[in-house]
Amino acid sequence: MRERIVQLTIVDDYEALSRAGADLMADLIEARPDASIILATGETPLGLYRELAERRRRGELDVSRARFFQLDAYMGLGPDDRRSLYGWMKRSVLDPLDVPEANVVRLPGDAPDIQAACRAYDAAVRAAGGIDLAVLGLGPNGHLGFNEPPADPASPTRALDLTEESIVSNARYWGGRDEVPRRALTAGLSVLLAARGTLLVVSGAHKNAILRRTVEGPIIPDVPASYLQGAANVTVLADKAAWGE
Ligand code: PGA
């Protein structure tokens, strides 16, 4: 068997996953208070974010100097649209952690010049000295952020068409597939794969096949997350249901 480069941690259930994910993030922020961190939306990291918020309430965590980067956004939606992923990030993690807006780099899906906004995002990543930790979920089609298959590992932050699979999968958040925008912005794989650390959180039996392909399969454009096998300091944190035990 090929040697696995990613650090794979399998925990009993979603609660344990959320605690272990919060431990990893809190350890980083303690070691590097001004860390630059990409934050995924989606359902999987919500427990981790809740756990971090609890620790902050108890006075165990100070994130006031960390910088947070939005991972992806739907095209054409302002921050006040109920489907805005910035709004999701704000509700689920930025507000509970009391992160000042000045410490957040948005990916603005409503920018008048989307290409310029994407270039500005990549410039902000460079200006921050790169990303210390990317907290990512795993799409049912293997996407990271909205880097859809087939994916180019050198891709910059950009706008793109969502695949049917992502539209169907995200329909559950918004009450039907017609509610899901067809185009999106995503931090490019070039940004994500250059991060000094990655935490990929995966929960539930419905992710079993794609998780195995991500970690054990060949590194191929059809499974964007498989490129993590070649990235530095990757932790895949999965519950038993996702790993298939
Ligand atoms: P989920 O989303 O955490 O809601 O499963 C993951 C993704 O589609 O990237």
Side-chain angles (χ1 to χ4, degrees), residues 11 13-18 20-22 24-25 37-52 69-75 82-89 91-93 107 109 133-151 155 157-158 160-177 179-189 191-193 195 198-215 222-228 231 234-244:
V11 294
D13 54 21
Y14 184 71
E15 288 309 309
L17 181 148
S18 299
L24 189 145
M25 238 179 110
I37 300 173
I38 289 182
L39 294 173
T41 52
E43 286 179 332
T44 317
L46 291 180
L48 182 175
Y49 298 155
R50 270 194 298 270
E51 178 71 27
L52 285 177
F69 291 71
Q70 185 176 347
L71 172 63
D72 47 17
Y74 292 120
M75 279 272 276
R82 70 182 178 86
R83 298 161 298 173
S84 155
L85 295 182
Y86 177 73
W88 182 326
M89 180 169 91
R91 285 189 301 277
S92 64
V93 55
L107 199 48
L133 180 68
V135 179
L136 304 176
L138 178 62
N141 62 354
H143 73 201
L144 295 177
F146 278 135
N147 289 282
E148 301 279 50
S155 55
T157 299
R158 70 206 180 284
L160 77 170
D161 292 325
L162 294 178
T163 59
E164 187 59 24
E165 210 172 352
S166 288
I167 292 167
V168 169
S169 157
N170 289 7
R172 71 189 196 279
Y173 308 142
W174 314 116
R177 64 185 301 286
E179 299 291 314
V180 185
R182 296 315 193 238
R183 278 178 72 72
L185 270 59
T186 184
L189 273 188
V191 173
L192 302 181
L193 298 174
T198 298
L199 172 62
L200 182 73
V201 284
V202 193
S203 174
H206 63 299
K207 297 282 177 75
N208 178 232
I210 192 64
L211 174 58
R212 293 289 181 149
R213 293 183 74 194
T214 294
V215 176
D222 279 348
V223 183
S226 67
Y227 287 105
L228 289 174
V234 175
T235 299
V236 175
L237 188 52
D239 57 21
K240 282 183 175 167
W243 187 244

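Numbers here simply count residues along the sequence, with the first being 1. In listed order, ligands and their atoms are each counted from 1.
- Contact record, R177 with I167: O-CG2, 4.0 Å, taken as the closest heavy-atom pair.
- Residue contacts with ligand 1 include R172, since one or more of its heavy atoms lies under 4.0 Å from the ligand.
- Scored by the ring pair (Phe, Tyr, Trp, His ring centres under 6.0 Å) test, Y86 finds no partners at all (sequence neighbours excluded).
- The shortest contact between atom 3 (O) of ligand 1 and any protein heavy atom is with T44 OG1, 2.4 Å.
- Of all heavy-atom pairs between Y14 and D239, the closest is N-OD2, 3.9 Å.
- Ranking the protein heavy atoms by distance from atom 2 (O) of ligand 1 puts Y173 OH, 3.3 Å first.
- When only interatomic distances are considered, the shortest N/O to N/O separation between K207 and ligand 1 falls below 3.5 Å.
- Considering backbone and side-chain N/O of E43, one or more are found under 3.5 Å from N/O of ligand 1.
- For A20, the side-chain contact (heavy atoms from CB on, under 4.5 Å) partners at least two apart in sequence or on another chain are L237.
- Interface of G139 with ligand 1, defined as ligand atoms under 4.0 Å from a residue heavy atom, comprises 7 (C), 8 (O), 9 (O).
- Atom-to-atom distance recorded for L228:CG and L192:CG is 8.0 Å, nearest 0.5 angstrom.
- The backbone N or O of F146 sits less than 3.5 Å from a side-chain atom of T186, completing a donor-acceptor pair.
- Of the protein's non-hydrogen atoms, the one nearest atom 7 (C) of ligand 1 is H143 NE2, 3.4 Å.
- Contacts between L138 and ligand 1, counted as non-hydrogen atom pairs separated by less than 4.0 Å, involve the backbone only.
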